[in-house]
Protein chains: 2
Amino acid sequence: MLLLFLQEITFMDLVDRFQIPVLEAIALRNPQATQLGQRIIEGSILLINELGFEQFTFKKLALSVGTTEASVYRYFSSKQKLLLYLINWYWGRLECRLLLQTQGGNPKERLVKALELLLVPQPTSLSFTNEKRLQRIVIHEASKVFLTKAVDTDHQTGFHSIYLQIVHYICDLVRAYQPNCKYPEMLVTTLLEGSLQQRFFGQHLPEVTNASEQEDAVAVFYTQLFFSYLDHE
Amino acid sequence: MLLLFLQEITFMDLVDRFQIPVLEAIALRNPQATQLGQRIIEGSILLINELGFEQFTFKKLALSVGTTEASVYRYFSSKQKLLLYLINWYWGRLECRLLLQTQGGNPKERLVKALELLLVPQPTSLSFTNEKRLQRIVIHEASKVFLTKAVDTDHQTGFHSIYLQIVHYICDLVRAYQPNCKYPEMLVTTLLEGSLQQRFFGQHLPEVTNASEQEDAVAVFYTQLFFSYLDHE
DNA sequence: TAGTTAAGAATAGTGTTGCTATTATTTTTG
DNA sequence: CAAAAATAATAGCAACACTATTCTTAACTA
C-alpha cells in the first residue's frame, strides 16, 4: 500500500519531469527555467483559452503577466511557436504515459490500454483547472499547428516528431495484434484526430455528434470502431 | 446516347445553378451577380491557394483582381466570411449531388453511392484547375470555419446549415440500413472530416497516413471502416 | 430628357498587430 | 568586484483588418 503510494508519486513525477528535446528546439530559451518563462506559459494557457488563438497576442499576454512584448519574444519567436510548444508538451506527456503503461500483457491488452490513454482524459499533477484548460486548447487549437503554410518546414525541422512517434508506436501495437492490417496509420490518426474533433463538436455543434449524449460516448464509439475494423478481416 | 448526353449537361447545370440560400446570408452582395464579384471569387480561390488563408489579405486580393480593398469589403465583411462562402459553396454542390444521385435503390446501395460521392473527388463543370484549387482549399482551410471564437454565433445564424443537412441526410441513410446503430453522427463526421484530414496528411505528413500509397486508399479505407462498424453488430 | 436613386469604386484614413533595434537594468560568474 | 550574460523597457515600423467619406457611373422614372 505504501509502495503503491510511492509508485504513484514517482509516476506522476516521471510524466511531469519527462524531458522533451523537441520543446527546446521550439523555444528560444527554456521557459521552465526562469520565473518569467513559467509565468509566460501559465499566462498563455489562460489567455488562449479566454480569447482563442486568433485574438491572442503577445502584447495582451505581456500585459496579463506583467512584462513587455519584447520580453516574450525572447522566449518564443512567434505565437505559433508558443502554441506548438504547448501542444507538444501535451503530446509529450501522452507519449510518456503510453511508454510506461503499455508495457505488460498480450497485444490486445496493450492496445486496449493505449486506446484508454488516448480517449479518456488522464489526471495529472498539474492543477485541475490548468489541466482542463490545456485540454481545451488541444481540442480547439491543436489542428492549427498543422494547418499552416509552414507545415512542411516545421515537419522537416522535426517539430512534429513527438506526434509521429506516438502514431508510430500505436501502429506497432496494431501490427502486433493484427499483422494483416493494411492501413494502420490511417486507423490510428482517424482515432487521434477524430476523438478531439468529436469533443469539439460536442461543445459547439452537438447536432453532428453523439459526444454530448453520454460521458464516455467518444471513447466507447472509437473503441468499437477500432476493433470492429481490426477484427473484421 | 443523345439522351444520356443531354442528361449529363442538364445534371452539371443543376449542380452549378443550385441556389444556396446560406450563401446570400454570408455575403453582403451576391458576388455571382456582378462581374467584379465573380473576379473576387475567382481571384480568392487562386490567392488563398497560393498564400494560405493566414497570409491571404483583401489588399492582396484587390491588387490581384484589379480593384481596391474597400470594394472587396462591399461583398464580404471579413476574410473569414469569404472563406465561409467558398466552403459552403463546395458543401452546397456536394449536397446537391447527394440529393440527386442517391434516390434509387435499397439502403445499402444508396449508402455506397453516398460514400462514393463523399470520398472520391467529383468532376464538375468548373474548369479542371479551378476545381482542383477549390478542393485544395477545402482540404487545407475548411476546419478553420469551425475552429474560431465565432463558431457558436455562426452556428446560431445558420452559417453551417448545409454541413448539418449533409450529416443529417447521410445519418438517415445509415439508420435506414442499420436501425440499431447507436452513434450515426459520430460515424458520419468521422468519415467526412477524417477523409479530408488524411488527404492533408498525404501531402504534408505522409508518415502518419497511408493515403499516398495508392490513389484510392482513402476511399477504400473509410468504406471498409464504415461497413465493418455497421455490419459488426 | 432631366432628375432621382443606388450600386460600384477610390481616397484616405484609424487602430491594432507582429516584430525589431536600441538602450537600460539586473543577475551570474570568473 | 568587475566583466559578461541574461533580462527588461522604450520606442518605433510596416503591415493588417476594417471604416468613413466622397466620387463616378449606370439604371430607372416622372
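Naming convention: chains lettered A, B, ... in sequence-line order (proteins, then strands); numbering from 1 in each chain.
Rounded to whole Å, the distance from CD on A/Q55 to P on D/dC16 is 17 Å. Atoms OH (A/Y73) and C1' (D/dT7) sit 18 Å apart, rounded to a whole Å.
Not a single side-chain hydrogen bond (donor to acceptor under 3.5 Å, both in side chains) links B/T157 to another residue, sequence neighbours left out. Contacts of B/S212 classified as side-chain hydrogen bond (donor to acceptor under 3.5 Å, both in side chains), with partners at least two apart in sequence or in another chain: none. The side-chain hydrogen bond (donor to acceptor under 3.5 Å, both in side chains) check on A/Q38 picks up nothing, with sequence neighbours excluded.
A side-chain contact (heavy atoms from CB on, under 4.5 Å) with A/F56 is found for exactly one of A/L47, A/L83, A/N49, namely A/L47.
Around atom CD of B/Q103, more than 12 heavy atoms belonging to other residues, nucleotides or ligands sit under 6.0 Å away.
Of all nucleotides in DNA chain C having an atom under 4.0 Å from a heavy atom of chain B, the first and last in 5' to 3' order are C/dG8 to C/dT11.
Taking a cutoff of 4.0 Å between a charged side-chain nitrogen and a carboxylate oxygen, B/R93 and B/E131 qualify as a salt bridge.
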Anything under 3.5 Å between a donor and an acceptor, one on a side chain of residues 158-169 of chain A, the other on a protein residue two or more places apart or in another chain? List them.
{"from": "A/S161", "atom 1": "OG", "to": "A/G158", "atom 2": "O", "distance (Å)": "3.0"}
{"from": "A/Y163", "atom 1": "OH", "to": "A/E193", "atom 2": "OE2", "distance (Å)": "2.5"}
{"from": "A/Y169", "atom 1": "OH", "to": "A/T102", "atom 2": "OG1", "distance (Å)": "2.7"}

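Between the side chain of A/K144 and the backbone N or O of A/L84 there is no donor-acceptor pair closer than 3.5 Å.
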Protein-nucleotides 8-12 of chain D N/O pairs under 3.5 Å:
none

